[in-house]
Amino acid sequence: MKKNISLPAVGIMISLAIISGCSLSGRSVGEAEAAIESTAAVEPETSEPAGEDTTEKTEGFVSNEDFDSEDHRDEKAAPVRIWGVITGIEEDSIIVDNQSDVSSLGEIVLMIDPDSTYLLDGRNGFPVSLDEVQTGSFYACLGPMMTMSLPPQTVPYAVIVNIPEDASAPLYVIADGPVAEKDNTKVLTTNDGTEYPIEEDARVQPFLTKNIVQMDDIRKGSECLLWMNTDGMVERIVLLSK
């Protein structure tokens with residue numbers, strides 16, 4: 001199971017808007033217009049008293065202070081989904097052109113931390129290394145914090161790469177609780193409030209192990225990959241974490 005980390009904020013941290021789904025329609029590579037500059041060289045307009053916490057706390061998100069408490073230590077905020085095209089791959093990051101209408105439009109640096117980010121192949125959901133990432137379509141699920149640097153930087157929960165032109169990528173979600181029955185159909189509700197109906201014969205598989213997992217193993221906070229059929233029902237689930 002992956003462990004959570006907090007990204008140290010460079011400047012003031014901003015919160016991202018939560019959305020319940022995304023489309024992978026954008027495929028053209030746009031030029032990034034944000035000029036890259038070091039935030040360490042920018043002098044703040046106002047100074048804060050020594051020791052004062054300048055991290056903003058926004059409704060809908062859990063602050064770093066709350067995450068340190070016993071109740072929220074292992075919780076993740078609902079992911080913010082962005083998509084677009086990959087424009088560059090570096091030693092520990094992926095440079096993307098965010099073409100979604102959420103988060104920071106244009107260039108974003110996705111910092112890939114092996115202990116906190118799932119970097120997954122869009123064809124089969126298997127993990128990939130940075131040197132296996134191809135330019136082209138991507139989608140990413142972000143946490144609630146991003147730096148104010150240019151370009152902005154963030155450590156995502158998951159990045160789905162190498163997405164085929166003629167196929168849909170699996171969807172990364174965080175369960176809000178166990179799978180429940182609704183109108184005679186099994187339903188997985190995620191922590192952004194979205195309900196995903198599940199096929200009766202849907203497969204549930206473990207991630208990188210030979211352990212046997214079942215639908216009942218999904219619980220609050222479980223990270224999953226979902227494959228949908230043409231009717232919008234889940235036909236395959238990979239349980240990334242319990």
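Counting from 1, the numbers follow the sequence of the chain as shown.
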For a side-chain contact (heavy atoms from CB on, under 4.5 Å) check, start with the C-alpha distance between F207 and E223, then their side-chain angles and the critical distance, and finish with the verdict. CA-CA 10 Å; F207 183 64; E223 297 169 275; over 6 Å; no
What's the verdict on side-chain contact (heavy atoms from CB on, under 4.5 Å) for I160 and W83, showing C-alpha distance, side-chain angles and the deciding distance? CA-CA 9 Å; I160 313 298; W83 63 92; over 6 Å; no
Show your working on side-chain contact (heavy atoms from CB on, under 4.5 Å) between Y139 and C141 and close with a plain yes or no. CA-CA 7 Å; Y139 95 81; C141 293; 3.6 Å; yes
Candidate pair C224 and Y196, rule side-chain contact (heavy atoms from CB on, under 4.5 Å), full reasoning: CA-CA 12 Å; C224 306; Y196 294 93; over 6 Å; no
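Considering only residues two or more places apart in sequence or on other chains, E195 meets the salt bridge (Lys or Arg N to Asp or Glu O under 4.0 Å) condition with K182. Every residue two or more places apart in sequence or in another chain that forms a side-chain hydrogen bond (donor to acceptor under 3.5 Å, both in side chains) with T190 is listed here: D192. Considering only residues two or more places apart in sequence or on other chains, P197 meets the side-chain contact (heavy atoms from CB on, under 4.5 Å) condition with T185, M233. Legend: residues meeting side-chain hydrogen bond (donor to acceptor under 3.5 Å, both in side chains) with D92, ordered by chain and number and at least two apart, are absent. Under the rule for a side-chain contact (heavy atoms from CB on, under 4.5 Å), the partners of P156 that lie at least two apart in sequence or sit in another chain are L110, I112, T117, L142, V159. Applying the side-chain hydrogen bond (donor to acceptor under 3.5 Å, both in side chains) criterion to D176, with sequence neighbours excluded, gives K220.
Both V96 and V102 sit in one connected hydrophobic cluster of ILVMFWY residues. Membership requires side-chain heavy atoms under 4.5 Å apart, directly or through other members. When hydrophobic clusters are built by joining Ile, Leu, Val, Met, Phe, Trp and Tyr residues whose side-chain heavy atoms come closer than 4.5 Å, directly or via intermediates, W227 is grouped together with M215.
Here the shortest heavy-atom pairing between I198 and V187 reads CD1-C, 4.4 Å. Minimum heavy-atom separation, V234 to M228: CG2-SD, 3.6 Å. For the residue pair V238 and P206, the shortest heavy atom distance occurs at CG1-O, 4.0 Å. R219 and A175 get closest at one heavy-atom pair: O-CB, 3.4 Å. The two residues L130 and E91 come nearest to each other via the heavy atoms CD1-O, 3.2 Å. Nearest heavy-atom pair, E107 versus P151, reported as atom, atom and distance to 0.1 Å: O-CB, 3.7 Å.
Note that CD of Q153 is 11.5 Å distant from OG of S104, once rounded to the nearest 0.5 Å. Rounding to the nearest 0.5 angstrom, the gap separating the NZ atom in K76 from the OG atom in S116 is 7.0 Å. Distance CD1/I212 to CG/D217: 10.5 Å, rounded to 0.5 Å. Rounding to the nearest 0.5 Å gives a distance of 12.0 Å between OG1 of T194 and CD1 of I174. To the nearest 0.5 angstrom, S168 atom OG is 12.5 Å from L226 atom CG. Expressed to the nearest 0.5 Å, how far CZ of F138 lies from OG1 of T87 amounts to 9.0 Å.
Listed by first then second residue, pairs satisfying salt bridge (Lys or Arg N to Asp or Glu O under 4.0 Å) with a partner in residues 228-238 number zero, not counting sequence neighbours. Counting only residues at least two apart or in different chains, side-chain hydrogen bond (donor to acceptor under 3.5 Å, both in side chains) contacts with residues 123-134 comprise D121-R123, S129-D131, S129-E132. The stretch residues 198-209 participates, sequence neighbours left out, in no salt bridge (Lys or Arg N to Asp or Glu O under 4.0 Å) pair at all.
The backbone N or O of Y172 lies less than 3.5 Å from a partner atom in the side chain of R81, making a donor-acceptor pair. In this structure, T135 contributes its side chain and V85 its backbone to no donor-acceptor pair below 3.5 Å. A donor-acceptor pair under 3.5 Å links the side-chain atoms of Y157 to the main chain of A77, judged by distance alone.
Heavy atoms of other residues, nucleotides or ligands lying less than 6.0 angstrom from CG of L208 number more than 12.
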